[in-house]
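Because only heavy atoms are used, hydrogens play no part in the values below, and waters and symmetry mates are left out as well, while side chains stay in. This chain uses plain numbering: 1 for the first residue, then up along the sequence.
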Amino acid sequence: MKKILLATTLLIATTLSGALLAEVGPGDRHERGMERMAKELSLTTEQQAQLRQIHEEQGAKLRALREEGKARMDAILTAEQREKAESLREERRERMGDRREHRDGPPCEKK
């Protein structure tokens with residue numbers, strides 16, 4: 001039973017970490033990547049638009065898949081386990097937020 005709970009918790013955490021990464025600001029990260037790819041591959045404006053469309057479609061599919069997976073996992077867990085899983089997700093969000101703030105802060109000075 002403990003192995004199943006641990007595996008389920010890890011699966012939830014992994015699934016949600018992907019969701020959180022998607023929420024981190026994909027626009028900025030995506031745009032930087034798109035600009036770099038456009039420059040390196042000499043993409044036309046039309047190609048860039050087509051690639052953006054593909055990215056948006058894939059993002060929507062991934063969000064739907066994560067939501068479906070979460071619903072299926074929640075159906076397996078007891079109310080107490082779902083509550084604990086949500087608590088773990090919140091803790092993970094906070095840690096990720098702390099890391100993001102630290103990363104986005106002023107650059108460290110070299111000694």
Side-chain angles (χ1 to χ4, degrees):
M1 180 66 180
K2 287 183 181 181
K3 288 182 181 181
I4 293 173
L5 179 58
L6 179 60
T8 303
T9 303
L10 288 173
L11 184 59
I12 290 170
T14 302
T15 302
L16 291 175
S17 66
L20 291 174
L21 286 174
E23 294 175 9
V24 166
D28 293 340
R29 189 173 57 241
H30 173 68
E31 276 307 309
R32 284 193 308 267
M34 181 59 71
E35 289 170 8
R36 187 172 44 249
M37 186 171 26
K39 179 181 176 184
E40 294 292 328
L41 300 177
S42 301
L43 298 176
T44 66
T45 305
E46 183 179 339
Q47 287 173 316
Q48 290 178 47
Q50 290 171 337
L51 290 173
R52 280 189 176 91
Q53 179 65 32
I54 291 169
H55 183 264
E56 290 173 13
E57 291 170 3
Q58 292 300 313
K61 288 179 183 178
L62 287 172
R63 281 188 293 279
L65 184 60
R66 282 192 298 269
E67 289 173 13
E68 177 189 343
K70 182 184 180 303
R72 290 175 61 198
M73 287 184 275
D74 284 349
I76 294 169
L77 301 176
T78 65
E80 183 179 300
Q81 291 168 330
R82 282 191 301 271
E83 188 176 306
K84 176 68 175 178
E86 183 59 36
S87 174
L88 292 171
R89 286 189 288 263
E90 283 298 319
E91 289 174 15
R92 183 166 179 80
R93 283 185 197 120
E94 289 175 14
R95 284 194 310 272
M96 288 179 69
D98 291 345
R99 277 186 251 150
R100 188 173 31 247
E101 288 175 12
H102 183 265
R103 183 184 65 219
D104 293 340
C108 297
E109 293 183 25
K110 293 183 180 179
K111 293 184 180 182

Worksheet item: Using 4.0 Å as the upper bound for N to carboxylate O, is an ion pair formed by Lys70 and Asp74?
Response: yes
Discussion item. Salt bridge or not between Arg93 and Glu90? Use side-chain N to carboxylate O under 4.0 Å.
Written reply: yes
So how far is it from [X] [atom1] to [Y] [atom2], rounded to the nearest 0.5 Å?
X     : Y     : atom1 : atom2 : value
Glu83 : Leu77 : CD    : CG    : 12.0 Å
Arg99 : Arg95 : CZ    : CZ    : 6.5 Å
Gln50 : Ile54 : CD    : CD1   : 7.0 Å
Ser87 : Arg92 : OG    : CZ    : 14.0 Å
Arg52 : Met34 : CZ    : CE    : 5.0 Å

Practice prompt. Work out which heavy atom in Gln48 is nearest to a heavy atom in Leu43; give both atom names and the distance.
Written response: NE2-O, 3.4 Å
Item to complete: Write down the atom of Glu56, the atom of Arg63, and the distance for their closest heavy-atom approach.
Response: O-NH2, 4.4 Å
Worksheet item: Would a 4.5 Å heavy-atom cut-off, applied to side chains only, mark Ile76 and Met73 as touching?
Response: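 The answer is no, as the side chains (C-beta and beyond) never meet within the 4.5 Å cut-off.
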Worksheet item: Counting heavy atoms not belonging to Glu46, are there more than 12 under 6.0 Å from its CD?
Response: no
Item to complete: Taking atom CD of Glu80 as the centre, report whether more than 12 heavy atoms of other residues, nucleotides or ligands fall under 6.0 Å from it.
Response: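 Count not over threshold, so no.
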Discussion item. Could you work out, with side-chain contact (heavy atoms from CB on, under 4.5 Å) as the rule, every residue matching Glu68, not counting sequence neighbours?
Written reply: Leu65, Arg72
Worksheet item: Would a distance-only check, ignoring hydrogens and angles, find a side-chain to backbone donor-acceptor pair under 3.5 Å from Gln58 to His55?
Response: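 Between the backbone of His55 and the side chain of Gln58 there is no qualifying donor-acceptor contact (under 3.5 Å).
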